[in-house]
Chemist: 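This is the structure I have questions about; it appears just below.
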There are 2 protein chains.
Amino acid sequence: MNLKDIAKLAGVSSVTVSNVINGNHNKVSKETIDKVNKIIKEHNYVPNATARSLASKKSRIIGVVLPYVGMDEDFSRSPYYTRILALLENYIRQQGYYMMIRCTGGCGEVIPLFNTWNVDGMIILGADKREVKEIIGSIRVPVVFIDTYAESKIANIGIDDYKGGYLAARYLLSKGHKHIGYAGPGIDSPGVIGNRIKGINDALAEKDLHLDKDLIFEAPTNYEDGIELGKKIAFASKKITAVVSMSDVLAFGIMEGLHLSGLVVPDDISVIGFDGLPECRYTTPHLTSVSQNLSRKALLAGEYLFKMIKDKKKIAVNEIVDVEISEGESVRTIRPN
Amino acid sequence: MNLKDIAKLAGVSSVTVSNVINGNHNKVSKETIDKVNKIIKEHNYVPNATARSLASKKSRIIGVVLPYVGMDEDFSRSPYYTRILALLENYIRQQGYYMMIRCTGGCGEVIPLFNTWNVDGMIILGADKREVKEIIGSIRVPVVFIDTYAESKIANIGIDDYKGGYLAARYLLSKGHKHIGYAGPGIDSPGVIGNRIKGINDALAEKDLHLDKDLIFEAPTNYEDGIELGKKIAFASKKITAVVSMSDVLAFGIMEGLHLSGLVVPDDISVIGFDGLPECRYTTPHLTSVSQNLSRKALLAGEYLFKMIKDKKKIAVNEIVDVEISEGESVRTIRPN
DNA sequence: CTGAAAGCGCTTACAG
DNA sequence: CTGAAAGCGCTTACAG
C-alpha cells in the first residue's frame, strides 16, 4: 500500500492524498478529506517515513547523544543520564517525533551518524568544551546541549554548579562541620566540577576555612570507585567529619566503603551527594544531596529544541536551572563543644 | 554532497560509488575502490540513510519497545528496563545498527510507527499474551520478545520464573522461615507472576506449608507502592517473618515502609527481592535477591534478532535464562527453638 | 480546490 | 569490472 494506491482507490491524485495526510486542509475540500481518510483507515495505510524524509528533507527524528566511558560500558551505569533520557523520550514522543539514541566517546563520530539520518534536531549530554566547536561547525540542525560549558554561542541547559558547591559546603558548615572533604573527578577539571569547587571554596572561605589538600579524594563518579574512596576516607586524617561527593552514585559507593571499614554514616562521618536522584531514598541513612530538577532540565531542552525547529532559527541561550539541598539523614549535626 | 557529486569527482558512475560504499568489492577494481574512497574521505561524504533505506528497503534501524504505565510515566521508573535498554543499545551499536526507542502502553500503536520507518527488526519488552498475536500478525520484520509468555510461535528470551519463585521460597525455608509473605502484582496474573507463584507454592508444599491468604500483599512493583506495602506488612499478622517481593524496586520500598514503621530488616522481618539489580547494594542491609542475568538476556535477544535479519527467516524459540540467589543481608536465619 | 511533472539520493537488476 | 535506466514512495513548486 502506498500513496498511489490510496489515490487510485479514492479517485484522486497522489498530491491530494499527500495534502490530506499532511494536514494541508486549506488545499483540499472537506469531502475529499473525508473520503481519503476513510480509505486510509480502511487499509491501515501508513506513509513511508523514509520516502517522506527523502522528499521533504525532514525526518521527525531527534538524535540524542549520551556520553560513555568505554566500548563495554553502557549508560545504565549512570542513573542520572538514564533519568534524563527517559524524560526526553517522553517529551519527544509527545511531540510526535522519533528518538534515536547513541552512546559515544567522542561526539565527533556522532555527526556523520546523525547527518546521515537527516535528524531534525539533536540533544547532546555532557559534551565538553573542545567537542562543542567541532559539533556546531559541522551540523546544520538545531542542537541543545545539556551540562556543557562553552564560549561558543550555543543553546545549553545547565544547573547552577557554583551554587550547588556553595550550598553543599554551607549546609555542612551550618551543621558544625569544619573539616570537609571532597570526592569526585580531578578538582582542576574545568566546567561543571570547576564551578562546584569554586562554590565550595567560597563557602569555606567565608568561615576562614579552605579545602585541605589531604581531604581531596579524586575518582571517577561511579559506585565501584566510590567504595574504594570510602575505604580511603575511612583511613584518612582523623579530623575529617564530612565529605561532599560530586554525584549520588559515587556517594552511595563511599557510604558502602565507609561501612565496610566499620564507620557509621552519619555518626562517624557525614556524606552529601549531588544530583538528588530518587535512589537517594534507597540508602540507609537516606542520602542528603544537592538536588537538581531533572524534569525541568529535560523540559527546557525539549522546549528550546522544538522552538528552534519550528522557528527555523538557532537560539543562543544558557539556561541555568536552580539547585537546592534535599535533606536525607546522611549528615549529622556537630555540637560545638 | 551526494553520490553523483562523488561519482563526478572520481570520474566514475554513481553505481560504482554505490558499490564501493556497500563493500561490493568483487564488482569494482582495487584502484577504483581506492580512488573513490579517497574522494569520499576528502569531502567527508556520508550517504543519505533515508535514500538508502527507500531504495533498498532496509533501514539498519532496530525498534525497541518499552512498556509504560501512563502518559506521564517514563521508563526510568524501572531500573530493570533501563538496564536492558542500555545493554541493547550497546549490542545494536556494535552491530552498526541504529536504535529507535519508544515507550508505549499498547504495542498495537507501535506497529504503524515502526512499519513507517521500515525498521529491520524489533525488540519488545514485557508484552503480554494478547498483544503478541496482534503484533506478529501485522509485522513482517523479525521480532524478539523479552519476558513474554505466549502460545504463538515467537522468539522469546525469558527467565526461569518458576525456578525463581521456587528458589526464593526454598532459600527462606532453609533459613528457618515458615510464615512467608508475597508482595507483588495480583497473584492470579498469568505468565511471569503466575509461574513465580507456582514456584513459591511448590517449595512451600514440600514443607507442608502454603501461601497464607493473609500474607499476600498486592501492589504494582514500584518504590512508592512498596513503601505503603511495607507499612501494611508491618501491621499485618505477627507471625510473618519474611516476604518475597516480585521486584527489587518494590523491595526497596517495602524495606523503607518497614523502617518507617519502626521495624528492622532483617531482625524483625526478612525481605528477598527479584532481579538482582546493582541497586541491591545501595541499601542497608544489602538486598538479597533472585538474580537474573540481564547481560545474557540482552545478548541473546540481540543474537537471535540479528540471526533472523541475516538469514532472512524467522526463528521460533523460547530461551530461558537461569536465575540464582544473590545473597545480601536482608534475610536472617531463624534458629529453631 | 486539484493534478502533472520533476526531484529527493540512493540501489537494483540488467546489459555490456 | 563498469554504467545507463528504472524505480523506491513520497513532497514541492507550479499551472490551471
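Here is how names work: the chains are called A, B, and so on, in the same order as the sequence lines, proteins then strands, and each is numbered from 1.
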Chemist: Does A:N48 make a side-chain N or O approach to OP1 or OP2 of D:dG9 shorter than 4.0 Å?
Modeler: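 For A:N48, the contact criterion (side-chain N or O under 4.0 Å from OP1 or OP2 of D:dG9) is not met.
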
Chemist: Taking B:N118 for the side chain and B:K58 for the main chain, is one N or O donor matched with an acceptor at less than 3.5 Å?
Modeler: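 Judged by distance alone, no pair lies under 3.5 Å.
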
Chemist: Nearest 0.5 Å, what's the CD1-OG1 distance between A:I135 and A:T148?
Modeler: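 Reported value, rounded in 0.5 Å steps: 7.5 Å.
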
Chemist: Tell me the interatomic distance from B:L54, atom CG, to D:dG7, atom P, rounded to whole angstroms.
Modeler: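 So the CG-P distance, B:L54 to D:dG7, works out to 14 Å.
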
Chemist: Dot-bracket notation for DNA chain D is requested: 5' to 3', Watson-Crick or G-U wobble pairs only, both distances under 3.5 Å, with ( ), [ ], | and . as defined.
Modeler: |||.||||||||.|||

Chemist: Test: ring pair (Phe, Tyr, Trp, His ring centres under 6.0 Å). Region: residues 116-159 of chain B. Which pairs qualify, not counting sequence neighbours?
Modeler: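 Output for this query lists A:Y98-B:W117.
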
Chemist: Give the B/S/- string for nucleotides 11-16 of chain D, one per nucleotide from 5' to 3', where a protein heavy atom under 4.0 Å of the base yields B, of only the sugar-phosphate yields S, and otherwise -.
Modeler: BB----

Chemist: Please give, in whole Å, the distance from D:dT2 P to B:H25 NE2?
Modeler: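 Roughly 12 Å, once rounded to whole Å.
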
Chemist: At less than 4.0 Å, is any side-chain N or O atom of B:K57 found next to OP1 or OP2 of D:dG7? Yes or no.
Modeler: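 So the side-chain polar atoms of B:K57 never come under 4.0 Å of the phosphate oxygens OP1 or OP2 of D:dG7.
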
Chemist: When you measure from the side chain of B:T16, which nucleotide among D:dC10, C:dC8, D:dG3 comes out closest?
Modeler: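 Ranking D:dC10, C:dC8, D:dG3 by closest atom to the B:T16 side chain puts D:dG3 first.
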
Chemist: Scan A:T50 against the nucleic acid and name what it touches under 4.0 Å (heavy atoms): base, sugar-phosphate only, or nothing.
Modeler: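 It contacts nothing in the nucleic acid.
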
Chemist: Just to verify, what does B:S18 make a side chain to side chain contact (heavy atoms under 4.5 Å, CB included) with, not counting sequence neighbours?
Modeler: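 For B:S18 the side chain to side chain contact (heavy atoms under 4.5 Å, CB included) partners, ignoring immediate neighbours, are B:L3, B:N22.
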
Chemist: Using whole Å, report how far CE of B:M1 lies from P of C:dC8.
Modeler: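 In whole Å, C:dC8 P lies 15 Å from B:M1 CE.
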
Chemist: Side chains of A:L294 and A:L277, heavy atoms from C-beta outward: is any pair under 4.5 Å?
Modeler: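 Yes, their side chains come closer than 4.5 Å.
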
Chemist: For C:dC1, does either OP1 or OP2 sit under 4.0 Å from a side-chain N or O belonging to A:S29?
Modeler: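 No, no such contact exists.
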
Chemist: Only counting residues at least two apart or in another chain, list the ones meeting salt bridge (Lys or Arg N to Asp or Glu O under 4.0 Å) with B:K4.
Modeler: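 B:K4 satisfies salt bridge (Lys or Arg N to Asp or Glu O under 4.0 Å) with no other residue.
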
Chemist: If I take atom CG in residue A:N118 and atom P in nucleotide C:dC8, what distance separates them, rounded to the nearest angstrom?
Modeler: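 Interatomic distance, CG of A:N118 to P of C:dC8: 13 Å.
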
Chemist: Could you list all the salt bridge (Lys or Arg N to Asp or Glu O under 4.0 Å) pairs where at least one residue sits in residues 300-309 of chain A, not counting sequence neighbours?
Modeler: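 Checked against salt bridge (Lys or Arg N to Asp or Glu O under 4.0 Å) - neighbours excluded - the pairs reaching residues 300-309 of chain A are A:K307-A:D311.
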
Chemist: Specify the separation, in whole Å, of atom CD1 of B:I6 and atom P of C:dC10.
Modeler: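 The distance from CD1 of B:I6 to P of C:dC10 comes to 9 Å, rounded to the nearest Å.
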
Chemist: Any side-chain N or O of A:Y45 under 4.0 Å from OP1/OP2 of D:dG9?
Modeler: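 For D:dG9, neither OP1 nor OP2 has a side-chain N or O of A:Y45 closer than 4.0 Å.
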
Chemist: May I ask you to decide whether A:E151 forms a salt bridge with A:K129, counting only side-chain N to carboxylate O separations under 4.0 Å?
Modeler: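 Looking at A:K129 together with A:E151, the answer is yes, because their closest N to O distance falls below 4.0 Å.
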
Chemist: Got a second to check how far A:I157's CD1 is from A:I146's CD1, nearest 0.5 Å?
Modeler: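 Reported to 0.5 Å precision, the distance equals 7.0 Å.
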
Chemist: Give one of base, sugar-phosphate or nothing for B:K4, where a contact means two heavy atoms less than 4.0 Å apart.
Modeler: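 Contact class for B:K4: none.
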
